Amino acid sequence: MATIATTNLWGGPAKADADAKPKLRVALIGCGGISGVHIDGWKRLNPAAKIVACADPIEARRHQRGDELGLAKEVRFPYLKDLLKSGVEFDAVDICANNAAHCPVTVEALNARKHVMVEKPMACTPAEVRKMIAARNRAKNNILMCAQSARFQNNSLHLAEYLKKGVLGEVYYCRAQFLRRRYLPTRIGFIDRRISGGGPCIDVGVHMLDLALLLMGLPEPVTVSAITPQKLAKRNDIRGWWGEWDRKKITVEDFAVGFVRFKNGSALTLECSWLANIKEQETQKITLMGTEAGAEWPELTIHGERAGSTTDTHLKYPDDQLGGHQREIAFYADAIMNNKPSPVPAEQSLNVIRILDGLYRSHAAGKEVRV
Ligand SMILES: NC(=O)c1ccc[n+]([C@@H]2O[C@H](COP(=O)([O-])OP(=O)(O)OC[C@H]3O[C@@H](n4cnc5c(N)ncnc54)[C@H](O)[C@@H]3O)[C@@H](O)[C@H]2O)c1
């Protein structure tokens, strides 16, 4: 992980300077739920960086976000292709469209020599991620980054930095969990596999897997064994705390557990669910076991032994009150404006998607698969 983005990028809270000329001009592609959080991140960078156009095929959504951003009606478009045709000048895109659009929109943007940050999951399949990497390689000097927001939380950055000193020794096992009791995202873009690419695995498991791999030191995955069943999601007697979803249209799993083997002999298990009969409403947890010590995220505790006693240490760090999304946007802008490498190299995201794809393939095949 790169050092924390330079604070001079931060303009503090949004300022009323609609006329200031930004150094970095960004187009927001996809104006649904998560784009509102991204807008907050971009407003904090104003005037160094600014959203200058937006696109969404749903008219009401692009106008809602356009209004929030104070954008003229002429710079609100259905699709990126319309924006590119319009001649409106911009340098980078922030892609908040549904998962199935991640690959085609990224390739289109890179072909037009724009920098790309794309929401997680990077794409639905490894083949799509490889297409995106090929487009980045053709574009040469453009950033391609997946918005893995959990990496950019303060606690994640702090633990990643701390672990670089090798305090855990050899990390031979990691358990990653993102389990929800009754929180199933009800929108069609999450429950129809053709649009989402998968269920909780690709929606929330992707956060824990990406962070777990980073904390393990980015080992190379070799095989995956998993089940990714749909157990509760079609049942009418099961209630979701985010409301109702279309039982007929849900084609994704509601639970997944996978066992991943790495080239260096280490292993990881990943558990994720939207609907599980568990005590907690939601659990996000990573446990690392090493030969010298273990670590727990998000608590940031280190568990070892010294002079005949087991020890438990609680890491403390300065808290700037920024969320993962706000900081990932600052890292993206910083990388573009200061010619730094991608804060989330696409090759790391490819490994994440190779593993998630492996979970689905292993379930279908009923056996361990190579990734
Ligand atoms: N990091 C996180 O914590 C987090 C949280 C929620 C969602 N997400 C991700 O953000 C993305 C969007 O999620 P959401 O909750 O905002 O979904 P959403 O369904 O609310 O919004 C998606 C929007 O994208 C638009 N869209 C679809 N194809 C498009 C295209 N080709 N060009 C432009 N717009 C297009 C849709 O019309 C819709 O308005 C997903 O990839 C999701 O996984 C990330």
Side-chain angles (χ1 to χ4, degrees), residues 26-41 51 53-66 68 75-85 93-109 112 114 116-125 128-129 132 145-153 156 178 180 183-211 242-243 245-246 249 252 272 274 282 284 323-329 331-332 344 349 352-353 356:
V26 182
L28 178 68
I29 312 297
C31 299
I34 200 63
S35 68
V37 184
H38 284 226
I39 285 173
D40 178 56
I51 297 179
C54 67
D56 196 302
I58 300 176
E59 204 176 344
R61 294 208 178 154
R62 66 173 178 271
H63 287 312
Q64 186 196 336
R65 295 303 184 211
E68 277 170 45
V75 293
R76 306 173 188 184
F77 302 89
Y79 291 102
L80 172 62
K81 69 172 172 9
D82 306 306
L83 164 58
L84 289 169
K85 261 191 234 144
V93 292
D94 176 358
I95 302 174
C96 294
N98 301 111
N99 300 350
H102 290 184
C103 172
V105 177
T106 293
V107 171
E108 195 178 10
K114 310 298 177 192
V116 173
M117 181 174 76
V118 57
E119 254 300 347
K120 60 79 200 162
M122 178 120 182
C124 300
T125 65
E128 285 186 330
V129 179
M132 294 154 91
M145 159 185 178
C146 183
Q148 290 288 171
S149 53
R151 274 192 190 209
F152 296 95
Q153 290 174 204
S156 308
F178 201 132
R180 288 179 178 155
Y183 286 116
L184 182 148
T186 56
R187 295 191 291 289
I188 194 71
F190 289 85
I191 66 171
D192 181 338
R193 184 175 292 277
R194 292 168 305 178
I195 312 174
S196 66
C201 221
I202 212 154
D203 178 38
V204 290
V206 69
H207 282 302
M208 291 302 99
L209 179 60
D210 176 74
L211 181 57
W242 280 332
W245 63 94
D246 191 330
K249 290 194 175 148
V252 296
C272 23
W274 284 335
E282 180 176 297
Q284 295 184 34
H325 288 287
Q326 295 160 342
R327 205 178 289 96
E328 88 201 346
I329 286 166
F331 268 77
Y332 176 45
V344 184
S349 302
V352 171
I353 302 301
L356 294 177

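The first residue in the sequence is number 1, and the count goes up from there. Just so it is clear, the model here is predicted, and its values are computed rather than measured. Read the numbers this way: they start at 1 and go in the same order the structure lists the ligands and their atoms. Just the heavy atoms: all of them, side chains too, but no hydrogens, waters or symmetry mates, feed the values below.
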Checking Q148, K120, M117 against E328 for side chain to side chain contact (heavy atoms under 4.5 Å, CB included), the one that qualifies is M117

Inset, instruction - Show your reasoning for whether side chain to side chain contact (heavy atoms under 4.5 Å, CB included) applies to R65 and D56. - result: CA-CA 10 Å; R65 295 303 184 211; D56 196 302; over 6 Å; no

closest protein heavy atom to atom 18 (P) of ligand 1 is R187 NE, 3.5 Å

Note: H325, heavy atoms under 4.0 Å from ligand 1, region reported as side chain

Note: heavy atom closest to atom 19 (O) of ligand 1, options I29, I58, N98, belongs to N98

A student checking ligand 1 against Y79 at a 4.0 Å heavy-atom cut-off should list atoms 30 (C), 31 (N), 32 (N)

Nearest heavy atom to atom 41 (O) of ligand 1, choosing from L80, D82, V37, N99, belongs to N99

Check: of G30, A97, C146, min heavy-atom distance to atom 11 (C) of ligand 1 comes from A97

Check: Is I34 in polar range of ligand 1, meaning some N or O pair under 3.5 Å apart?
Finding: yes

With heavy atoms and a 4.0 Å threshold, my read on which part of P185 contacts ligand 1 is neither

Any atom of ligand 1 sitting under 4.0 Å from a heavy atom of G33?
yes

Within 4.0 Å of some non-hydrogen atom of F190, the atoms of ligand 1 are 13 (O), 15 (O), 17 (O)

Across all chains, not counting sequence neighbours, the ring-ring contact (aromatic ring centres under 6.0 Å, His included) partners of H102 are none

Ranked by distance from atom 42 (C) of ligand 1, the top protein heavy atom is K120 O, 3.6 Å

Atoms of ligand 1 under 4.0 Å from any heavy atom of S149, numbered from 1 in the order shown, are 1 (N), 3 (O)

Practice problem: Report the C-alpha distance between L211 and Q153 in whole Å, list the side-chain angles of each, state the deciding distance to 0.1 Å, and finish with yes or no for side chain to side chain contact (heavy atoms under 4.5 Å, CB included). | Solution: CA-CA 10 Å; L211 181 57; Q153 290 174 204; over 6 Å; no

Ligand 1 atoms nearer than 4.0 angstrom to some heavy atom of H102 are 41 (O)

Here the atoms of ligand 1 under 4.0 Å from any heavy atom belonging to H207 are 1 (N), 2 (C), 3 (O)

